[in-house]
> 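Below are the structure tokens for one structure; questions will follow.
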Amino acid sequence: MASAAAKQAPKIVSKASAGGAGAAGAGGGPPIMPLASPLMGKKKKPFLGMPAPLGYVPGLGRGATGFTTRSDIGPARDANDPVDDRHAPPGKRTVGDQMKKNQDDDDEDLNDTNYDEFNGYAGSLFSSGPYEKDDEEADAIYAALDKRMDERRKERRELREKEEIEKYRMERPKIQQQFSDLKRKLAEVSEEEWLSIPEVGDARNKRQRNPRYEKLTPVPDSFFSKHLQTGENHTTVDPLQGLGGLNTPYPGSMTPGLMTPGTGELDMRKIGQARNTLMDMRLSQVSDSVSGQTVVDPKGYLTDLNSMIPTHGGDISDIKKARLLLKSVRETNPHHPPAWIASARLEEVTGKLQVARNLIMKGTEMCPKSEDVWLEAARLQPGDTAKAVVAQAVRHLPQSVRIYIRAAELETDVRAKKRVLRKALENVSKSVRLWKTAVELEEPEDARIMLSRAVECCPTSVELWLALARLETYENARRVLNKARENIPTDRHIWITAAKLEEANGNTQMVDKIIDRAITSLRANGVEINREQWIQDAEECDKAGSVATCQAVIRAVIGIGIEEEDRKHTWMEDADSCVAHGALECARAIYAHALQVFPSKKSVWLRAAYFEKNHGTRARRLLAKARSSAPTARVSVCEKESSFYNLSIFLRFRLEVFLHLETVSTHPVFMKSVKLEWVLGNIEAAQELCTEALKHYEDFPKLWMMRGQIEEQCENMDKAREAYNQGLKKCPHSVPLWLLLSRLEERVGQLTRARAILEKARLKNPQSPELWLESVRLEFRAGLKNIANTLMAKALQECPNSGILWAEAVFLEARPQRKTKSVDALKKCEHDPHVLLAVAKLFWSERKITKAREWFLRTVKIEPDLGDAWALFYKFELQHGTEEQQEEVRKRCENAEPRHGELWCAESKHVLNWQKKTGEILAQVASKIKNTF
């Protein structure tokens with residue numbers, strides 16, 4: 001621009017002359033020729049051919065500034081003249097439109113609608129100003145700040161975006177994910193099912209199925225030869241050309257190519273040669289694209305492509321980054337073993353095993369004293385090469401135990417393994433691991449000899465001493481253990497092994513002395529007696545069959561570190577823990593010690609009796625001892641013993657109960673005495689004893705109930721009714737008595753009397769759910785369902801939070817309304833086991849097996865004492881579960897020992913089932929349940 005201005009500067013002479021020239025030009029007249037000047041013949045100035053200096057303004061030195069000519073602003077045009085662009089869009093087709101648009105773009109929008117209190121104007125207020133170097137530096141600083149702030153929030157933003165994407169994928173899964181389960185099920189399709197799938201028909205029309213016009217016919221060679229003879233130009237491939245281009249020579253000067261010159265015949269052999277030549281040139285071009293480095297091997301091109309495919313699910317870019325990073329680590333610190341190991345494992349993962357081997361061998365050269373590098377090299381190399389690597393490692397690290405172990409593992413022959421380990425022991429005789437590995441390969445006699453040498457080399461190894469003691473005879477073993485105690489006076493296992501040795505040889509009287517001496521010796525040597533560790537050792541002795549040692553250890557450490565007020569609670573927990581671990585003798589020893597310390601504690605005696613009942617045969621002797629040691633616990637002992645033993649035991653025990661009646665004559669003793677005679681079949685004795693008991697305790701309702709039930713069993717309905725009525729006079733608030741009397745009247749056919757008895761009972765005992773439930777069931781059994789529904793509505797008004805009423809109300813409804821009723825029941829009694837059981841039965845009736853099982857589990861978890869829930873659950877698993885699930889329910893029920901439940905008590909308290917265990921009662925109750933719902 002400066003040179004152009006310099007060339008135009010002589011034309012601007014003055015304002016008048018410039019204006020005249022412009023006017024003349026505008027008028028279209030002939031151009032005015034410059035006059036001849038005497039200066040034209042002079043020599044040219046030297047600066048005329050040079051570029052103008054920086055910041056030069058033509059005419060500034062002589063004051064010729066501010067002049068504008070038509071050549072500067074262009075020809076004068078009207079605002080309505082069309083623009084040069086014939087295809088301009090509307091609004092830009094005239095000169096005025098273009099000028100207005102440019103002016104609008106330059107003007108800044110400073111309207112109030114474009115202003116924000118926080119951000120200011122939407123556009124830049126200085127966009128029309130010059131962009132200088134300071135502005136560029138400021139923008140760079142702000143860009144760096146923005147980048148820094150973005151990095152600070154990068155992790156949170158990426159985590160949030162990841163969670164949003166996962167949530168989006170969960171809400172809107174891909175079609176591939178929706179059909180993934182169906183694809184997996186294809187593996188279960190048999191061959192016959194696969195072949196039986198019908199073929200899919202072709203839905204295309206006839207023209208698409210039969211595209212006759214698209215049929216292709218191979219062109220014969222005669223066609224090519226005919227046209228080659230008629231043509232004058234021929235294409236050939238010149239091997240000497242760098243890019244393998246095409247050459248079209250004249251017929252007389254063509255090089256040997258696709259056809260033989262002068263014959264016009266097609267040479268198929270030369271076509272193959274030309275193709276191979278072209279491929280060779282392309283591969284050569286790619287291989288030489290980097291100077292000094294071969295990128296592609298032309299001979300192994302396809303093989304190299306297959307080897308480049310990674311064999312794992314990682315990203316290729318990540319592999320390249322990891323490889324580059326590890327290479328940098330190796331070059332920075334070549335004596336860093338983890339860098340070589342990580343590089344080799346990376347190449348191993350990506351499928352380049354040979355590269356990994358080369359890398360790790362280079363690592364052994366750079367880090368010859370690294371044990372891990374040698375072991376990694378031995379792992380990556382094949383068998384014989386690995387042996388050579390290990391041999392080389394031994395020369396560099398003759399004291400490495402792990403390398404010797406690896407060398408022994410590489411050997412397949414046992415003799416070779418022994419040879420390697422013995423060579424290792426010559427160099428590293430203090431290694432316990434080498435001795436143990438070597439001893440495991442020897443026969444017992446050779447192992448004993450080797451262990452004798454091992455304990456000399458490693459006198460502080462407890463394992464070697466104990467192994468030697470196990471292989472020696474009794475006398476030699478005692479000497480070995482004594483010597484072991486001298487060398488290692490702080491280890492408890494040597495003392496315990498000595499005690500087990502004495503027990504195994506029949507010297508059980510020495511076991512307690514050895515354990516007591518062990519505690520004293522260890523304390524003298526500053527060893528803290530850890531009670532939990534000793535109990536674990538006792539459990540191991542129990543499992544090994546050393547009962548005397550186990551009990552001696554328990555007696556020695558059971559009271560260490562326990563406060564006096566916490567002894568009972570802690571010992572009971574210890575006993576339960578031993579039972580859970582299967583150490584029954586440990587638990588028995590703990591109970592024996594606890595009974596010695598607490599001879600008058602009823603709970604301890606009962607816990608010990610339950611333990612013997614479930615896991616032993618000493619319960620009778622234990623209870624007899626309990627009766628003599630704890631007189632105040634005789635009643636409870638009588639109650640518990642009544643469920644333990646057979647008939648002969650009870651015949652003997654009955655006499656003892658009668659002897660205690662004078663000293664401990666309470667109503668539970670009378671009740672158990674009557675029950676004893678009743679279950680043994682002595683009805684007359686039971687009646688006499690019940691009459692005698694009622695003289696002393698006429699306000700005890702269970703005696704009246706037992707008297708009436710005995711009469712019912714003897715078919716004496718009148719005497720049974722009399723017994724119930726007398727009992728109700730003495731105990732009017734006993735709900736079970738009212739229920740028994742009502743059911744007696746219903747059984748003999750007196751439905752009206754039974755209804756009246758229940759109404760009277762409800763007046764005596766308001767808000768009693770059991771009485772309302774019996775009234776509803778009475779009407780339902782009589783076939784009066786409408787009256788039953790009315791009574792249920794009244795019952796729910798009077799007892800709105802009764803679970804047994806809501807559970808019954810669910811199944812009084814028709815099937816379509818049961819679900820709604822169950823929702824109402826759950827709202828009123830959310831955690832009531834009867835309601836939960838009713839919901840489980842509802843799902844069972846609807847064949848929703850999974851949901852029914854979940855609600856049964858929830859029921860027995862909330863109330864494990866409800867026998868009806870266990871029975872229904874077991875019945876459910878018998879119909880819909882596996883044998884494992886049935887066995888699990890049975891075991892859980894036996895552990896829970898349920899006591900309550902309408903169906904459960906009807907079977908468990910029956911006189912014919914008094915000797916049956918929980919599992920048998922469970923099966924019996926489940927067999928009587930019918931799916932009437």
Side-chain angles (χ1 to χ4, degrees), residues 642 654 658 661 665-766 768-784 787-788 791 902-914 928:
S642 64
R654 182 178 57 181
F658 283 128
L661 287 181
S665 57
T666 60
H667 53 271
V669 173
F670 276 115
M671 184 184 68
K672 291 299 178 181
S673 302
V674 175
K675 181 68 175 294
L676 178 61
E677 298 295 344
W678 188 9
V679 298
L680 293 177
N682 299 326
I683 303 299
E684 295 181 358
Q687 290 174 341
E688 294 176 358
L689 195 57
C690 188
T691 303
E692 181 67 23
L694 287 172
K695 293 179 180 178
H696 298 85
Y697 304 100
E698 59 181 7
D699 57 345
F700 187 55
K702 287 190 176 181
L703 292 174
W704 293 107
M705 286 188 283
M706 294 176 71
R707 183 175 182 178
Q709 288 173 340
I710 292 173
E711 298 295 344
E712 280 190 61
Q713 183 179 348
C714 298
E715 299 296 333
N716 297 326
M717 298 302 176
D718 294 335
K719 292 184 178 180
R721 185 183 295 111
E722 181 182 358
Y724 291 145
N725 286 322
Q726 291 179 359
L728 288 173
K729 291 179 181 179
K730 302 294 182 181
C731 310
H733 299 292
S734 176
V735 174
L737 269 176
W738 289 103
L739 295 178
L740 288 173
L741 180 58
S742 171
R743 290 168 186 170
L744 175 64
E745 299 295 346
E746 182 184 5
R747 193 177 299 113
V748 298
Q750 299 293 332
L751 186 62
T752 305
R753 186 179 296 177
R755 188 181 294 118
I757 289 172
L758 288 175
E759 291 179 358
K760 185 178 180 181
R762 292 201 302 272
L763 292 175
K764 294 280 186 179
N765 302 278
S768 176
E770 292 81 7
L771 294 174
W772 280 107
L773 180 62
E774 185 64 23
S775 301
V776 171
R777 289 178 176 176
L778 178 65
E779 303 297 341
F780 189 83
R781 289 193 293 265
L784 305 174
I787 300 177
L791 284 175
E902 184 179 2
L903 301 175
W904 185 269
C905 292
E907 296 297 327
S908 63
K909 294 185 177 181
H910 198 279
V911 293
L912 299 178
N913 301 329
W914 65 282
K928 293 187 178 181

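Values below: every heavy atom of this structure, side chains too, minus hydrogens, waters and symmetry copies.
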> What is the distance from atom CG of L740 to atom CZ of R747, rounded to the nearest 0.5 Å?
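Result: 8.5 Å between the selected atoms.
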
> Calculate, to the nearest 0.5 Å, the distance between atoms NZ and CG belonging to K729 and L737 respectively.
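One finds 13.5 Å between NZ of K729 and CG of L737.
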
> Run the numbers on R755 and E779 for salt bridge (charged side-chain N to carboxylate O under 4.0 Å, His left out), then give the verdict.
CA-CA 9 Å; R755 188 181 294 118; E779 303 297 341; 2.5 Å; yes

> What's the shortest heavy-atom distance between C714 and Q687, and which atoms?
SG-NE2, 4.4 Å

> Hey, what do you get for NZ (K730) to CG (L694), rounding to the nearest 0.5 Å?
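Rounded to the nearest 0.5 Å, the NZ-CG separation comes out at 10.5 Å.
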
> Verify whether one side chain among E774 and W738 offers a donor that lies under 3.5 Å from an acceptor in the other.
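There is no such pair between these side chains.
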
> Starting at OG1 of T752, measure out to CD1 of I757 and round the result to the nearest 0.5 Å.
11.0 Å

> How many angstroms lie between atom SG of C731 and atom CG of L703, to the nearest 0.5 angstrom?
9.0 Å

> Consider only side-chain N and O atoms of E711 and Y724, and report whether a donor and an acceptor are under 3.5 Å apart.
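Absent: no donor and acceptor within the cut-off.
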
> Which heavy atom in I710 sits nearest to a heavy atom in A686, and how many Å separate them?
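Taking I710 first and A686 second, the nearest heavy atoms are CD1-CB, 4.1 Å.
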
> With side chains defined as the heavy atoms from C-beta onward, is the minimum distance between L903 and K928 less than 4.5 Å?
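Counting from C-beta outward, L903 and K928 never come under 4.5 Å.
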
> Verify, without hydrogens or angle tests, whether W704 (side chain) and D699 (backbone) share a donor-acceptor contact under 3.5 angstrom.
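Not confirmed, W704 side chain does not pair with D699 backbone.
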
> Heavy atoms only: give me the nearest L771-A761 pair and the separation to one decimal.
CD1-O, 3.4 Å

> Yes or no on side chain to side chain contact (heavy atoms under 4.5 Å, CB included) for R753 and V748, after CA distance, side-chain angles and deciding distance?
CA-CA 10 Å; R753 186 179 296 177; V748 298; over 6 Å; no

> Charged N to carboxylate O under 4.0 angstrom, R777 versus E902?
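Judged by the 4.0 Å cut-off on N to carboxylate O distance, R777 and E902 do form a salt bridge.
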
> Taking C-beta and beyond as the side chain, do L751 and L778 meet within less than 4.5 Å on heavy atoms?
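Side chain of L751 against side chain of L778, heavy atoms only: contact under 4.5 Å found.
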
> If you compare all heavy atoms of H910 against all heavy atoms of A906, which two are closest, and at what distance to 0.1 Å?
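Shortest heavy-atom separation between H910 and A906 comes out as CB-O, 3.7 Å.
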
> Between M717 and E715, is any pair of side-chain heavy atoms under 4.5 Å apart?
yes

> List the atom of S734, the atom of L728, and the distance in Å for their closest heavy-atom pair.
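In this case the closest contact between S734 and L728 is O-CD2, 4.2 Å.
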
> How many angstroms lie between CD in Q750 and OG in S742, if you round to the nearest 0.5 Å?
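One gets 12.0 Å once the value is rounded to the nearest 0.5 Å.
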
> What pair of heavy atoms forms the shortest contact from L741 to R721, and how long is it?
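Closest approach of L741 to R721: CD1-CG, 3.9 Å.
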
> Does E722 form a salt bridge (charged side-chain N to carboxylate O under 4.0 Å, His left out) with R707? I'd like the steps, not just the answer.
CA-CA 10 Å; E722 181 182 358; R707 183 175 182 178; over 6 Å; no

